[in-house]
Amino acid sequence: MLEKGGGKLKTFEMSKRVAKNGRRKFKLVLHEIYPDNTVDEENEAGTVYNKNGITWISEYCEKAMPTITDMPLRVEFLDEDRTEIAGHGDTGIVDGLPTFENAVEIGHFTKGYIDTVSDDDGEHTVMMGEGFIDEMCYKNFVEKLFADIEDGEYPSCSVEI
């Protein structure tokens with residue numbers, strides 16, 4: 001799920017090639033993976049974590065990686081032109097299951113993998129996702145993403161894997 005975000009780490013890339021089938025390919029940093037020693041064994045809690053309070057270590061990422069394939073890419077649009085996004089579109093929890101009734105599926109992931117990326121702070125081990133956005137249905141959104149990226153504003157994400 002994409003959210004407005006930014007930062008030094010380039011979290012999102014989109015192909016400039018227009019596909020005849022309307023599927024615009026993308027690569028997305030899903031989250032950083034932290035060293036195993038960032039988990040305090042005694043308390044079984046992470047000492048370093050992402051914005052959502054999760055300490056992702058390799059063991060758990062490798063187990064979750066297969067769930068990325070065919071995972072939907074969702075957003076909540078704030079406007080009728082379908083260019084402005086915010087949040088997940090979540091509407092609560094029903095019977096212990098999170099619900100996203102305000103979310104729209106704009107594409108899908110085709111694969112996930114672990115990679116290393118660099119920014120001003122050095123190298124980071126990350127979980128990557130690749131997939132496509134349905135440009136035939138969300139042309140305005142794709143155009144807005146390109147404009148934002150050219151301005152140095154990259155979407156960040158929250159991952160449901």
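Residue Glu135 forms a salt bridge (charged side-chain N to carboxylate O under 4.0 Å, His left out) with just one option from Arg24, Arg82, Lys20, and that option is Arg24. Among Tyr138, Phe12, Phe146, Phe141, the single residue meeting the ring-ring contact (aromatic ring centres under 6.0 Å, His included) criterion with Phe26 is Phe12.
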List the steps and the verdict of side-chain contact (heavy atoms from CB on, under 4.5 Å) for Ile85 and Lys144.
CA-CA 10 Å; Ile85 58 174; Lys144 176 80 164 70; over 6 Å; no
Step by step, work out the side-chain contact (heavy atoms from CB on, under 4.5 Å) result for Glu59 and Asp36.
CA-CA 8 Å; Glu59 174 187 351; Asp36 291 348; 5.6 Å; no
Quick one, Ile54 with His31, criterion side-chain contact (heavy atoms from CB on, under 4.5 Å). Give me CA distance, side-chain angles, the key distance, then yes/no.
CA-CA 10 Å; Ile54 300 172; His31 58 76; over 6 Å; no
Could you walk me through whether Tyr60 and Thr55 satisfy the side-chain contact (heavy atoms from CB on, under 4.5 Å) test, starting with their C-alpha distance in whole Å, then the side-chain angles of each, then the deciding distance to 0.1 Å, before giving a yes or no?
CA-CA 10 Å; Tyr60 303 119; Thr55 301; over 6 Å; no
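Residues Glu32 and Trp56 approach most closely at O-CB, 3.6 Å, considering heavy atoms. For the residue pair Gly112 and Met65, the shortest heavy atom distance occurs at O-SD, 3.4 Å. His108 and Pro72 make their closest contact through CD2-CA, 3.7 Å (heavy atoms, listed as atom of the first residue, atom of the second, distance). Closest non-hydrogen pair, Met71 versus Thr67, comes out as CB-O, 3.7 Å. In terms of heavy atoms, Pro35 sits closest to Ile57 at O-CG2, 3.8 Å. Taking every heavy atom of both residues into account, Phe77 and Thr83 meet most closely at CD2-N, 3.9 Å.
Checked by atom type and distance alone, the side chain of Thr110 pairs as donor or acceptor with a backbone atom of Glu130 at under 3.5 Å. Of the possible polar contacts, none joining the Asp151 side chain to the Glu153 backbone as a donor-acceptor pair under 3.5 Å is found. Put simply, the side chain of Asp115 never gets that close to the backbone of Met128: no donor and acceptor are under 3.5 Å apart. Side chain of Ser15 to backbone of Arg17: a donor-acceptor contact under 3.5 angstrom is found. The closest donor-acceptor contact from the side chain of Asn102 to the backbone of Glu76 lies at 3.5 Å or more, if one exists at all.
Atoms CG and CE, on Leu28 and Met127 in that order, are 12.0 Å from each other to the nearest 0.5 Å. His124 contributes atom NE2, which lies 12.5 Å from atom CD1 of Ile33 (distance to the nearest 0.5 angstrom). Phe132 contributes atom CZ, which lies 8.0 Å from atom CG of Asn21 (distance to the nearest 0.5 angstrom). Within the model, atoms OH of Tyr113 and OG1 of Thr69 stand 12.0 Å from one another, a figure rounded to the nearest 0.5 Å. Note that CG of Asp79 is 8.5 Å distant from CG of Asn140, once rounded to the nearest 0.5 Å. To the nearest 0.5 angstrom, Phe109 atom CZ is 7.5 Å from Ile68 atom CD1.
At a threshold of 4.5 Å between non-hydrogen side-chain atoms, the residues Phe100 and Thr91 do not count as touching.
Side-chain heavy-atom separations under 4.5 angstrom define the hydrophobic clusters, and Leu97 shares its cluster with no other residue.
Hydrophobic clustering of Ile, Leu, Val, Met, Phe, Trp and Tyr side chains at less than 4.5 Å, counting indirect connections, unites Leu30 with Ile114.
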